[in-house]
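Take a look at the structure set out below.
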Amino acid sequence: MLTVQEGRFLKEFEKLGEIGWVPGKGMDRPAYSASYNEAREYLHTLMNDAGMETRIDGVGNLFGRYDGKEKGAKSFLVGSHLDAVPGGGKYDGALGILAGIEVSRRIREERGPLRHPLEVVAFTAEEGGPLGGTFGSRAFTGLVSRDVPNDILSSFGLSHEVIEKSWGKKEDYLAYLELHIEQGPILWRRNIAIGIPTGIVGITRYKIDICGQANHAGTTPMEERRDAMRSASLLLARWFTWVEQRLREKNDFVCNVGVFSLFPGGAPIVPEKASFILELRSLRDEVVDKVAKTFRSFLEEMPSCRGSMELMVEKPAVELDRNLISAIEIAAQKRGFSHQLIPSGASHDASPMAHFVPTGMIFVPSIEGVSHSKEEATAPKDIICGANTLLETLLELDDKD
């Protein structure tokens, strides 16, 4: 049975993980940075050395391709993203790219070309930021809105015209597959080797502003203050109390407040303004709409301060392709790997890709469910299981189509 070459794969994985790594702090490899460019060049070299035809599109996505035996056949596309969150780990995203290179190389070395062309992609700017996350894959699929401000694009050396030149052609591709760490605890806790996502949550973010009045923190009586910080605290306490009660009845969404700021931001000043970002995630868009309306009603009922709620990001939930899910299940069974169907609570490049071509994902366990942290890790045996499942899935699909 054909398998990846473990020593080579793990060595290359560790080498990539050194690029941008800061001891004691974790990964420093944001998109379009010097460390990112160094990492992409390393992958570019691996692809060239493996005899792939390579290209980098206008937004910076890297592609490596092997032609297929069957003239005019559509391509398989496999990969993930190369950028990392600040202080993150070396597994998120990078695993899917390197596994794609190794799997493609092994098939070529041992069996020759597949019937279909096989292409590996390293998408850029998947992690959240000024470009909105999943930027490289959204650019490739034509899903970057014209509403993205020109000043943000130009700060990265980009333009709407460059983005449009980076659009892929839907008719060229048969399927997209992405191997990724789970970034959650389900597989780890249950000692399951392979997770097969059935869908990816939608992500909606709102910018919340609470406006009061700045005043002297020593001379203004407490009962006369229009304290934006206090109003925001009471609002969030009410909100999270409601969330806990709601989730006891139906556990169908998650929410987060990970950014919070005050203005003017001085110890002796009653805050005039409190701003934060509310994030909502669910596999059902109607659930997000419902809970957002509840938050808005709480916002409108605040005493003493006024609030606003501005939509920042709205990425709909997606279902992954049933035929690819079945092919991954068959591949895991053939390899003798324990597996389970699970939802994806994190977004991935597979989300915009699912609007473009049939898309499937393969998850491997994250130790203790940790991700977006320098402590992020996946056992080597699980990395190899994931890569071999990807390999078997491609063979299964190539034989069937």
Step through it carefully: locate the ring centre of Phe140, locate the ring centre of Phe356, and say whether they are under 6.0 Å apart.
yes
Measure across Arg106 and Thr3 and return the closest heavy-atom pair with its distance rounded to 0.1 Å.
NE-O, 2.9 Å
In this structure, is the centre-to-centre distance between the rings of Phe13 and Tyr91 below 6.0 Å?
yes
Would you say the side-chain atoms of Gln183 pair up with the backbone N or O of Asp92, donor to acceptor, closer than 3.5 Å?
no
Would you kindly check if the NZ (Lys) or CZ (Arg) of Arg55 is within the cone defined by 45 degrees around the ring axis of Phe63 and under 6.0 Å from the six-membered ring centre?
yes
Heavy atoms of Asn48 and Met52 approach each other most closely as OD1-O, 4.0 Å
Roughly how far, to the nearest 0.5 Å, is the CD1 atom of Ile196 from the OG atom of Ser344?
13.5 Å
Could you walk me through whether Arg138 and Asp349 pass salt bridge (charged side-chain N to carboxylate O under 4.0 Å, His left out), step by step?
CA-CA 8 Å; Arg138 285 188 296 116; Asp349 289 304; over 6 Å; no
Measure from the side-chain N and O atoms of Ser297 to the backbone N and O of Thr294, and report whether any donor-acceptor pair falls under 3.5 Å.
yes
Does any N or O in the side chain of Arg108 come within less than 3.5 Å of the main-chain N or O of Gly51, such that one atom is a donor and the other an acceptor?
no
Determine whether Glu102 and Arg105 make a side-chain contact, defined as any pair of heavy atoms from C-beta on separated by less than 4.5 Å.
yes
Report yes or no: does Arg29 contribute a side-chain atom to a donor-acceptor pair with the main-chain N or O of Gly20 at less than 3.5 Å?
no
Here's a test for you: under ring-ring contact (aromatic ring centres under 6.0 Å, His included), which of Tyr176, Phe363, Phe123 qualifies with His348?
Phe363
